[in-house]
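This report concerns only the one structure given below.
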Amino acid sequence: MPETKSNSELDPEFTTNPESWEYSLYIPNDPRAVTVSRRTLRLILTMHGLIGLVDVAELLASELVSNAVRHTKGPAALRVRWSAGVLRIGAWDADPRPPQPPRDLGQLVELEPEDGRGLGMVVACSELWGWQPLSRFGNRGKFVWCELRAAA
């Protein structure tokens, strides 16, 4: 069973801003984890009154978690963080290699239905994205993330 925990009490930035929060969902390498992650994210955002971000956030989380599960053999994690009007969604996986560069969505017509769309969708639908090396579960890996801003 995936484990969800809130880390808000562990980060000094969050202790000074009571409106900031963070959740991590640790998931096994299983294709069903994408659905679990998407539904968990929907619940988190709904409970925090961010229903306007749910649809795009679900799409982005699905792409990030799908890549983490599909292209690696180890465990993964979804991390969701809200601070100062910005929602950061990220997926950690156990493969330390950088993600493949995102493809332009205009070039995706020639690709197979399941090939190369993930990060292209993330780039097109988020305001900012990136990746960084990161260790979890005692394994080296990477964290691929993107950000959405709440409407004013």
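Just so you know, residue 1 is the first one in the sequence shown, and it goes up from there.
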Query raised in the report: For W82 and L50, what are the C-alpha separation, side-chain angles and deciding distance, and is it a side chain to side chain contact (heavy atoms under 4.5 Å, CB included)?
Result: CA-CA 10 Å; W82 174 259; L50 297 170; 3.6 Å; yes

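- Separation of atoms OG (S126) and CH2 (W145) is listed at 8.5 Å; rounding is to 0.5 Å.
- Listed by chain and number, the residues in a side-chain contact (heavy atoms from CB on, under 4.5 Å) with R149 are V86, E127 (sequence neighbours excluded).
- Within the 4.5 Å cutoff, no side-chain heavy atoms of E63 are placed close to those of L119.
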Report task. Run the numbers on V56 and L148 for side chain to side chain contact (heavy atoms under 4.5 Å, CB included), then give the verdict. Result -> CA-CA 9 Å; V56 174; L148 294 173; 3.8 Å; yes

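- The structure places CD1 of I44 at 7.5 Å from CG of L25, a figure rounded to the nearest 0.5 Å.
- Across every non-hydrogen atom of W131 and P98, the tightest pair is CZ2-CB, 3.3 Å.
- Closest non-hydrogen pair, V69 versus P28, comes out as CG2-O, 4.3 Å.
- If you chain together hydrophobic residues whose side chains sit under 4.5 Å apart, F143 and L128 fall into the same group.
- Nearest heavy-atom pair, V36 versus T40, reported as atom, atom and distance to 0.1 Å: O-OG1, 2.7 Å.
- Rounding to the nearest 0.5 angstrom, the gap separating the CZ atom in R140 from the CZ atom in R97 is 11.5 Å.
- Each salt bridge (charged side-chain N to carboxylate O under 4.0 Å, His left out) pair with one or both residues in residues 82-91, not counting sequence neighbours, appears once here: R88-E147.
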Query raised in the report: Would C146 and L64 satisfy side chain to side chain contact (heavy atoms under 4.5 Å, CB included), going step by step from the backbone distance to the final call?
Result: CA-CA 9 Å; C146 62; L64 295 173; 4.0 Å; yes

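- Closest non-hydrogen pair, C125 versus L60, comes out as CB-CD2, 3.8 Å.
- Partners of V54 by side-chain contact (heavy atoms from CB on, under 4.5 Å), not counting sequence neighbours, listed by chain and number: R42, L45, T46, I51, E58.
- The two residues A77 and Y26 have their closest heavy-atom pair at CB-CD2, 3.7 Å.
- The structure places CG of L134 at 10.0 Å from CG of D93, a figure rounded to the nearest 0.5 Å.
- More than 12 heavy atoms of other residues, nucleotides or ligands shown are found within 6.0 angstrom of CD on Q132.
- In this structure, K142 contributes its side chain and D95 its backbone to a donor-acceptor pair below 3.5 Å.
- A donor-acceptor contact shorter than 3.5 Å links the side chain of N29 to the backbone of G74.
- At a threshold of 4.5 Å between non-hydrogen side-chain atoms, the residues L43 and R39 do not count as touching.
- Rounding to the nearest 0.5 Å gives a distance of 7.5 Å between OG of S20 and CZ of R81.
- Within the 4.5 Å cutoff, side-chain heavy atoms of W21 are placed close to those of V80.
- R79 and S24 form no side-chain donor-acceptor contact under 3.5 Å, judged by distance and modelled atom types alone.
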Report task. Check the pair I27 / V65 against side chain to side chain contact (heavy atoms under 4.5 Å, CB included), numbers first and verdict last. Result -> CA-CA 9 Å; I27 53 178; V65 171; 3.5 Å; yes

